[in-house]
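Below is one structure, written out as structure tokens; the observations come after it.
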Amino acid sequence: MAEEAVRKKVKGDWKETAMKALFIVAAAAFIAALLVICAFIFVQSVPALKEVGVFEFLFSDKWNPGKGEFGIATMIVGSCYVTAGALVIGVPIGFLTAIFMARYCPRPLYRVLKPMTNILAGIPSIVYGYFGLRVIVPFIRDNFGGYGQSILACSIVLGVMILPTIISVSENSLRAVPKSYYEGALALGATKERAIFCTEVPAAKSGIMTSIILGLGRVIGETMAVVMICGNQTRFPDSILDGVRTLTANVVLEMSYVEMGSVHESALIATAAVLFVFILIITLLIALIRKSSR
Amino acid sequence: MKKILMAILCVALACGIGAAAVGCGGNNGGENGEGSSAGQILLYTREDGSGTRDAFIELVGLEEMTDNAAVCNGTNVVLTSVGGAKGAIGYISLGSLNDTVKAVKIGGVEATAENIINDTYKLSRPFNVAYKAATLESNDTLKDFMQFISSKEGQKVIVDYGCVSETEDTAPAYVKPATAPTSEVKIGGSTSVGPLMEKLVEAYCKASGVASTKFTITQNGSGAGMTGAGDGSFDLGMASRAVKDDELAKGLTAKEIALDGIAIIVNKENTIDNLTLEQLKKIYNEEYSNWSELGA
């Protein structure tokens with residue numbers, strides 16, 4: 001009997017070690033992928049930064065690869081405008097929809113709405129881009145003038161694009177708020193609206209913030225939809241009806257033409273590196289906000 | 001306190017966006033009010049590095065492309081944009097022209113294959129390939145492939161693709177070699193010639209029975225193609241421009257395989273149907289800002 005128990009335990013141990021090894025390998029693969037990508041981006045961007053100079057690269061508004069001018073200031077500004085615009089459009093709609101779905105939506109309607117947000121999330125970005133080019137861009141051109149390919153067009157399309165992320169993450173965090181908050185507020189005489197907006201929403205704050213950050217990440221990294229509708233001009237925009245070039249659009253526009261190992265290629269990878277740093281900063285900011293709010 | 005701040009921020013943002021939109025709307029209203037049918041000229045161009053863009057800039061004689069032109073990442077996007085915007089002007093390869101847009105005459109000459117062949121339509125460029133004589137001798141596949149390109153079948157592929165062939169009617173028929181060639185061929189160069197080269201290789205493989213895996217096509221620009229053909233990294237280089245003298249001096253033999261025209265396209269509602277090269281240059285230099293200045 002005792003012998004058998006020991007054997008069983010050893011067998012169990014063997015499985016345990018194997019699984020442990022598997023977990024470690026998985027984690028290592030993930031970390032290795034991240035490190036290799038980081039190393040690749042930063043090593044490859046060194047030649048351009050050396051040739052052009054970091055300051056010149058970041059703050060010059062002249063992008064003219066044929067003449068050896070590499071300045072991405074206009075694109076940094078472009079990315080910021082587009083991101084801000086998309087959040088202005090996407091966050092209020094997404095946030096209010098999430099509240100509606102979590103607290104107001106009648107059951108039969110919810111059964112239709114929920115799959116619809118999932119469908120929206122599953123549409124490929126190139127389709128969003130084409131939709132923007134054929135529908136949003138002409139609409140803006142006819143009603144507001146200008147090229148149509150503009151910050152506004154990008155903001156609208158990207159704002160719609162981040163809705164599913166914001167809705168589903170915010171809704172889940174609202175649903176995770178204990179029922180007692182809501183009941184307690186009602187018991188104290190608050191109306192339904194007050195109970196939701198003044199007790200449940202603050203309680204779900206970190207989840208809602210996370211949803212916005214996830215949306216922000218998607219907007220700033222979005223490429224295929226943006227490149228078709230942002231106009232890609234390398235100059236500072238005067239209004240939201242002017243076109244801009246985002247960092248991602250710059251990389252995808254010119255990557256297929258560069259010579260291997262040229263300064264131009266390196267400059268495009270350096271553009272990606274700047275984007276990478278942006279996302280790092282955002283992630284850090286979020287960590288800080290969450291820490292201080294706790 | 002926090003909430004009040006947030007509220008103020010939101011209101012400020014909303015006002016800013018509103019003001020920007022109204023401001024632009026107002027400007028544009030003024031421009032449209034000048035009484036032209038097509039209004040403000042909207043410039044569309046291609047991305048830096050595109051062969052069509054390079055050829056356009058060179059043929060029109062522009063110093064550089066203006067920063068204010070909207071950049072489209074493909075012929076299709078140019079077509080969609082120009083097809084939808086009343087005041088738009090853009091340029092595409094003649095082979096890609098369709099009836100969603102209107103091609104304007106240049107100096108009174110229509111963009112057609114005949115006019116490109118008799119050299120009256122000025123916006124055309126040659127598609128060249130270049131190789132070393134020694135490579136051609138040692139590489140039997142390349143030799144046979146070059147014969148195919150010059151043949152009736154090869155020139156037909158070129159015409160079907162939308163390019164202009166000067167020899168389609170006179171070229172000899174392709175004769176399949178008795179034993180299929182076995183060497184591998186590395187082709188590299190222009191991104192404009194690349195898609196045509198893919199079609200040629202596909203048709204050649206069908207006609208000769210050579211496996212398509214014998215061919216590799218790299219599209220990395222005319223300059224890189226000529227350099228590669230010179231130093232031996234490519235067996236065949238492609239260029240969407242004339243082969244330069246210093247490139248020929250490296251021992252390259254150039255052969256023109258086709259002519260490609262660049263069509264200047266405007267919206268169908270635009271009444272303009274003729275532009276001179278000088279006017280075109282001024283349009284892209286932004287000396288004109290409204291179609292009414294050009295009599296549209």
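As a basis for the values below, the full set of heavy atoms in this structure was taken, side chains included, without hydrogen atoms, waters or symmetry mates. In the text below, chain A, chain B and the rest are named by the order of the sequence lines, each starting its count at 1.
Taking CE of Met228(A) as the start and SG of Cys72(B) as the end, the distance is 9.5 Å to the nearest 0.5 Å. The line from CZ of Arg245(A) to CD of Glu47(B) is 8.5 Å long, rounded to the nearest 0.5 Å. Separation of atoms OH (Tyr147(A)) and CG (Asn68(B)) is listed at 6.5 Å; rounding is to 0.5 Å.
Other residues, nucleotides and ligands contribute only 12 or fewer heavy atoms inside 6.0 Å of the OH atom of Tyr181(A). Sparse packing is recorded around CD of Glu51(A), with 12 or fewer heavy atoms of other residues, nucleotides or ligands lying under 6.0 Å away. Counting heavy-atom neighbours within 6.0 Å of Met255(A) CE, excluding the residue itself, gives a total above 12.
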Q: Under the side-chain contact (heavy atoms from CB on, under 4.5 Å) rule, what do Asp67(B) and Gln233(A) come out as? Steps first, then yes or no, please.
A: CA-CA 6 Å; Asp67(B) 282 343; Gln233(A) 288 104 327; 5.8 Å; no

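Contacts between Ala69(B) and chain A at a heavy-atom distance below 4.5 Å involve the backbone alone (N, CA, C, O). Looking at Pro65(A), the atoms closer than 4.5 Å to chain B (heavy atoms on both sides) sit in the backbone and in the side chain alike. Residue Thr66(B) does not touch chain A at all, counting heavy-atom pairs closer than 4.5 Å.
For the set Gly231(A), Gly243(A), Cys230(A), Ala84(A), the entry with the most heavy-atom pairs within less than 4.5 Å of chain B is Gly231(A). In terms of heavy-atom pairs under 4.5 angstrom with chain B, the leader among Arg235(A), Lys67(A), Glu254(A) is Arg235(A). For the set Thr191(B), Val77(B), Leu43(B), Thr45(B), the count of heavy-atom pairs under 4.5 angstrom toward chain A peaks at Leu43(B).
Leu133(A) is listed as a side-chain neighbour of Ser81(B), based on a closest heavy-atom distance under 4.5 Å. Side chains of Arg141(A) and Leu42(B) form a contact here, defined as non-hydrogen atoms less than 4.5 Å apart. Between Leu253(A) and Val71(B) there is a side-chain heavy-atom pair separated by less than 4.5 Å.
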